[in-house]
Amino acid sequence: MATTLKNLSEYSDKNIADVAGKRFAIVVAEWNAQVTEALFEGAHRTLLKEGAQAENIIRKNVPGSFELTLGAQWVAERADIDAVICLGCVIQGETRHFDFICNAVAHGLTDVGLKFNKPVIFGVLTPNTLEQALDRAGGRHGNKGDEAAVTAIKMLGF
Ligand code: DLZ
């Protein structure tokens, strides 16, 4: 996700779903809110730009990235949700907390997608510094929230 070389926001029309009737849930972690709000703005703006209806996009907040998994499960189990976009930012610290959170969320979101057979997108930044995070949340490396939204749309067009 956090690469400067590959931009998932670039796509051709052929693998883009007709999103007008699709319903999205965006789950946002409140930790590092400066970053996750920017990711949300990017994801939300991209969904609208690609044709999603504002009333078909719901937002749910969770305290931290660790809680994204359960938040994703709560919305994924809803029959009226087609895809779930999870947004968080875990910044490397001096302890192993970072590894535990990142591994748990990556595995947890994978499991939720497989359990409910619908796209659950891992839009979690895992930078070393806040500056690196901001670079990827509307800064010089784009906005990974945009990419997360495009990934959801691509998966709906599978
Ligand atoms: C505790 C914690 C720490 C140290 N760092 C972050 C972080 O960088 N990003 C993030 O999203 N959440 C962090 N958290 C909170 C955990 O995700 C979680 O909310 C708590 O461990 C409670 O389960």
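Start at 1 and go down the list; that is how both ligands and their atoms are numbered. Hydrogens, waters and symmetry mates are skipped; everything else that's a heavy atom, side chains included, is used.
- Side chain of Lys22 to main chain of Ala83: no donor-acceptor pair is present (N/O by atom type, distance under 3.5 Å, no hydrogens or angles).
- For ligand 1, the 4.0 Å heavy-atom shell takes in Trp31, Asn32, Gly64, Ser65, Phe66, Glu67, Cys89, Val90, Ile91, His97, Ile101, ordered by chain and residue number.
- When Thr126, Asn32, Asn128 are each tested for a side chain to side chain contact (heavy atoms under 4.5 Å, CB included) with Ile91, only one passes: Asn32.
- Minimum heavy-atom separation, Ala43 to Ile26: CB-CD1, 4.3 Å.
- Looking at every heavy atom in both residues, Cys89 comes nearest to Val124 through N-CG1, 4.4 Å.
- Without hydrogens or angle criteria, Arg136 side chain to Gln132 main chain gives a donor-acceptor distance under 3.5 Å.
- With salt bridges taken as basic N to acidic carboxylate O contacts below 4.0 Å, one links Glu37 and Arg59.
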